[in-house]
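The first residue in the sequence is number 1, and the count goes up from there. As a basis for the values below, the full set of heavy atoms in this structure was taken, side chains included, without hydrogen atoms, waters or symmetry mates.
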Amino acid sequence: MRIGELAARAGTTPRALRYYESRGLLTARRDAHGYRTYGEDDLRMLRQIHALQAFGFGLEETRPFVECLRAGHPTGDTCPASLDVYRSKLAELDACIAELNAVRETVRERLLLASASAAPEPRCELVPPPTDRQEPEPCSRPHPPSVR
């Protein structure tokens with residue numbers, strides 16, 4: 001198949017395919033007229049690349065998976081180098097999750113502190129004082145901004 005057909009079937013553009021070729025991730029063969037031609041294996045490699053990118057892998061991180069497919073493995077994630085990339089990505093994700101959890105805890109603590117020290121809602125001066133120890137209703141008209 002030619003570059004346009006492969007691009008359409010893979011859900012990408014010919015320009016992206018030429019870029020993958022320049023990076024050594026895709027190898028085009030040439031027909032008698034010099035046109036790039038590709039096979040089903042190339043489509044499988046592109047699908048592997050796109051699936052990994054959808055999970056947050058960078059283009060260069062997909063290289064071991066492509067090489068695994070080129071070596072004849074039925075999937076790109078059964079080779080030792082691919083497994084190493086998976087391990088590395090998991091460690092990276094674990095670090096991001098730990099960082100996000102720390103930020104979340106800081107925000108939670110600040111919310112608790114701010115909630116505990118928040119001033120009570122101002123009472124409307126136009127409402128007469130309560131006679132039977134009921135709390136007055138908050139003022140329904142807007143208050144002027146406080147002056148600092």
- Is a donor on one side and an acceptor on the other found under 3.5 Å between the side chain of Thr106 and the backbone of Ala102? yes
- Would you sort out whether Cys68 and Thr78 count as a side-chain contact (heavy atoms from CB on, under 4.5 Å), showing the intermediate values? CA-CA 7 Å; Cys68 191; Thr78 56; 3.7 Å; yes
- Task: Following the transitive rule for hydrophobic clusters with a side-chain heavy-atom cut-off under 4.5 Å over Ile, Leu, Val, Met, Phe, Trp and Tyr, establish whether Leu83 and Val85 coincide in one cluster.
- Result: yes
- Arg30, CZ: over 12 other non-hydrogen atoms inside 6.0 angstrom: yes
- Message: Any heavy-atom pair between the side chains of Tyr20 and Val66 that's under 4.5 Å?
- Response: no
- Count the heavy atoms belonging to other residues, nucleotides or ligands that lie under 6.0 Å from CD of Glu109, then report whether that count exceeds 12. yes
- Query: Can you list the steps and then say if Tyr38 with Leu46 is a side-chain contact (heavy atoms from CB on, under 4.5 Å)?
  - Reply: CA-CA 11 Å; Tyr38 302 93; Leu46 287 171; over 6 Å; no
- Any sub-3.5 Å donor-acceptor pair from Ser22's side-chain atoms to Tyr19's backbone N or O? yes
- Task: Heavy atoms only: give me the nearest Gln48-Thr75 pair and the separation to one decimal.
- Result: OE1-C, 4.5 Å
- Within the distance-only criterion (no hydrogens, no angle test), does the side chain of Ser115 pair as donor or acceptor with the backbone N or O of Leu111 below 3.5 angstrom? yes
- Item | Flag side-chain contact, heavy atom, 4.5 Å: Lys89 against Glu61 | yes
- Item | Closest contact, heavy atoms only, Ala7 versus Leu17 | N-CD1, 3.6 Å
- Message: Taking the side chain as everything from C-beta on, heavy atoms only, tell me whether Leu52 gets closer than 4.5 Å to Arg47.
- Response: no
- Residues, nucleotides or ligands: over 12 heavy atoms within 6.0 Å of Arg110 CZ: no
- Is any side-chain N of the basic residue among Asp31 and Arg2 closer than 4.0 Å to the acidic one's carboxylate O? yes
- Check the pair Thr37 / Met1 against side-chain contact (heavy atoms from CB on, under 4.5 Å), numbers first and verdict last. CA-CA 5 Å; Thr37 62; Met1 76 186 92; over 6 Å; no
- Query: Do the non-hydrogen side-chain atoms of Arg63 and Leu25 ever get within less than 4.5 Å of each other?
  - Reply: yes
- With a 4.0 Å cut-off, would you call Glu67 and Arg70 a salt bridge? no
- Item | Check: Met45 and Thr62 side chains under 4.5 Å, non-hydrogen atoms | no
- Query: Between the main-chain N or O of Asp84 and the side-chain N or O of Ser88, is there a donor-acceptor pair closer than 3.5 Å?
  - Reply: no
- Hey, are the side chains of Leu6 and Leu43 touching, using non-hydrogen atoms and a 4.5 Å cut-off? yes
- Are Leu59 and Leu26 connected in the hydrophobic side-chain network, where two residues link if heavy atoms are under 4.5 Å apart? yes
- Query: What about Phe65 and Tyr86, are their ring centers closer than 6.0 Å?
  - Reply: yes
- Task: Indicate the atoms forming the closest heavy-atom contact of Pro14 with Gly4, along with that distance.
- Result: CG-CA, 4.4 Å
- Query: Quick one: does Glu40's side chain get under 4.5 Å of Arg44's, heavy atoms only?
  - Reply: no
- Where the side chain of Glu21 meets the backbone of Thr27, is there a donor-acceptor pair that is under 3.5 Å apart? no
